[in-house]
Amino acid sequence: MASTVVNLSCNVGATKVLDRANYMGLKPSMNSNFVCVRSTNRACNRRLFVVRASEMHDDKKMGLSDAECEAAVVAGNVPKAPPVPPMPVAPAGTPVVATLPLNRRPRRNRKSPALRAAFQETSLTPANFVYPLFIHEGEEDTPIGAMPGCYRLGWRHGLLEEVSKARDVGVNSVVLFPKVPDALKSPSGDEAYNDNGLVPRTIRLLKDKYPDLVIYTDVALDPYNSDGHDGIVREDGVIMNDETVHQLCKQAVSQARAGADVVSPSDMMDGRVGAIRGALDAEGFHHVSIMSYTAKYASSFYGPFREALDSNPRFGDKKTYQMNPANYREALVETREDESEGADILLVKPGLPYLDIIRLLRDNSALPIAAYQVSGEYSMIKAGGVLKMIDEERVMMESLMCLRRAGADIILTYFALQAARCLCGEKR
Ligand code: PBG
């Protein structure tokens, strides 16, 4: 007997490597006799309700016409149906109380999995994810101590495998972060716009292998700067704004030339979005988008990332360019600037501790909003899971759903592959 499986969680466009029928949610199968609906999001593979196909047509047909059926009922021959179910019994000791006079009981709309699925306001699909990937010049994949499950991937092998795994479950967007050899770092970070540097080379390889992959890049000097700052450092320690923007424009153009789809300035210099837009357009890259790190806070949640890239600032902190975590209204100043300078996507970073900022941008801009679930957020969930203090998978899915609920269209997350597998019902 045939069955129908409706997988509500995976309504994303399938890539060519997917078992399309299964992925899109309709999976006929010959030897099962169930009609079932799979759950959305968190409870990845749980069946919500099951109806035995053999039970659906239990009563034999009598061969009566509609009129004869109606006449039988009118004549008092009411056909049999199951009895009114008895009231369920409360456990012994339950207090007997008067029913509360409530005309609204919100629990009514939460009482069954089907109702909860019907009224779910926010959705999460692999298409919402951008997968941040660390790359290096080596052949091997090197584990990152502070980020369990993450590696510095060899750009020629490990990276391609990871991207292919992500595409298998509908994640077709990546953002690249390079670990640059110390010998190539300098105070002015010129390696950032070397057309044959690690990032442009990798973009070309990825585009050659996967032409439809969406490639985001990071625009900032920190991986290339011998001082570990996002901009050029003057001898008195000041991060020079306009000189840095000049370098960032060259970096963005070099990435665009290699085939980047979206360049993402994460440096927080003033005026860089407009300058990069102008530089891209002048070189004929009108089609390349800018995702601006609009509200990027000077956060301690970036610690594991800096370990991954060995990019800790040599001195001081990033507080003269990244925002004060105590500030809310200031995010609107940045939003107005980035919008008027031509940003295509506005990003908030970190993610979960800054849900109010995501909502602020969502309500004040018509542009797509991105949230970055940063390294520290990832590592906390991983650590809690390893220590068995929390259920890693459920907390992961809940944190991603909450970022969407707050107003994020896309989420940059190191969980992209793991979460997409969960959404597709694959448990590994
Ligand atoms: C640097 C950059 C940082 C991150 C993304 N781009 C670190 C920083 O600003 O110091 C952090 C990402 C993360 O913590 O996951 N331009």
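Each ligand, and each atom within it, is numbered from 1 in the order the structure gives. Quick caveat: nothing in here was measured; it's all calculated off a predicted structure.
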**Q** Among all protein heavy atoms, pick the one closest to atom 2 (C) of ligand 1 and tell me residue, atom and distance.
**A** Lys296 NZ, 3.3 Å
**Q** Pick one of side chain, backbone, both or neither for how Asp267 approaches ligand 1, counting any non-hydrogen atom pair under 4.0 Å.
**A** neither
**Q** With sequence neighbours excluded, give me every ring pair (Phe, Tyr, Trp, His ring centres under 6.0 Å) pair touching residues 230-271.
**A** none
**Q** Measuring from Asp317:CG to Asn312:CG, what's the distance to the nearest 0.5 Å?
**A** 11.5 Å
**Q** Look at the aromatic rings of His229 and Tyr321 and report parallel, tilted or perpendicular, splitting at 30° and 60°.
**A** perpendicular
**Q** Classify the contact between Ser375 and ligand 1 as side chain, backbone, both or neither, using a heavy-atom distance cut-off of under 4.0 Å.
**A** both
**Q** Nearest non-hydrogen atom to atom 10 (O) of ligand 1 belongs to which of Glu307, Arg306, Met268, Lys349?
**A** Arg306
**Q** Can you measure from CG (Leu248) to CD1 (Ile232) and round to the nearest 0.5 angstrom?
**A** 8.5 Å
**Q** Using a 4.0 Å cutoff against the non-hydrogen atoms of Asp218, which atoms of ligand 1 qualify?
**A** 6 (N), 16 (N)
**Q** With a 4.0 Å cut-off on heavy atoms, is Gln322 touching ligand 1?
**A** yes
**Q** Sequence neighbours left out, what passes ring pair (Phe, Tyr, Trp, His ring centres under 6.0 Å) with Tyr354? Give chain and number order.
**A** Tyr297
**Q** List ligand 1 atoms under 4.0 Å from Tyr372, heavy atoms only on the residue side.
**A** 12 (C), 15 (O)
**Q** Using a strict cut-off of 4.0 Å, indicate which atoms of ligand 1 neighbour a heavy atom of Asp222.
**A** 1 (C), 2 (C), 16 (N)
**Q** In the protein, what heavy atom is nearest to atom 12 (C) of ligand 1, and what distance, to one decimal place, separates them?
**A** Phe305 CD1, 3.3 Å
**Q** If you measure from each heavy atom of Tyr378 to ligand 1, is any distance below 4.0 Å?
**A** no
**Q** Under 30°, 30 to 60°, or over 60°: which ring-plane class applies to Tyr414 and Phe134, parallel, tilted or perpendicular?
**A** parallel
**Q** Report the C-alpha separation of Asp182 and Lys185 in whole Å, then their side-chain angles, then the decisive distance to 0.1 Å, and conclude whether the salt bridge (charged side-chain N to carboxylate O under 4.0 Å, His left out) test is met.
**A** CA-CA 5 Å; Asp182 277 346; Lys185 297 183 182 183; 3.4 Å; yes
**Q** Can you tell me the protein heavy atom closest to atom 16 (N) of ligand 1 and the distance?
**A** Ser266 OG, 2.7 Å
**Q** For residues Lys349 and Gln322, is any side-chain donor paired with an opposing acceptor at under 3.5 Å?
**A** no
**Q** Does the ring center of Tyr193 lie less than 6.0 Å from the ring center of Tyr224?
**A** no
**Q** Please identify which atoms of ligand 1 are closer than 4.0 Å to at least one heavy atom of Asp230.
**A** 1 (C), 16 (N)
**Q** Hey, which atoms in ligand 1 end up nearer than 4.0 Å to a heavy atom of Tyr414?
**A** 12 (C), 13 (C), 15 (O)
**Q** Distance under 4.0 Å to a non-hydrogen atom of Ala220: what atoms of ligand 1 satisfy this?
**A** 16 (N)
**Q** Just checking Phe129 against Phe415, ring centres under 6.0 Å apart?
**A** no
**Q** What's the shortest distance from atom 8 (C) of ligand 1 to any protein heavy atom, and which residue and atom give it?
**A** Lys318 NZ, 3.3 Å
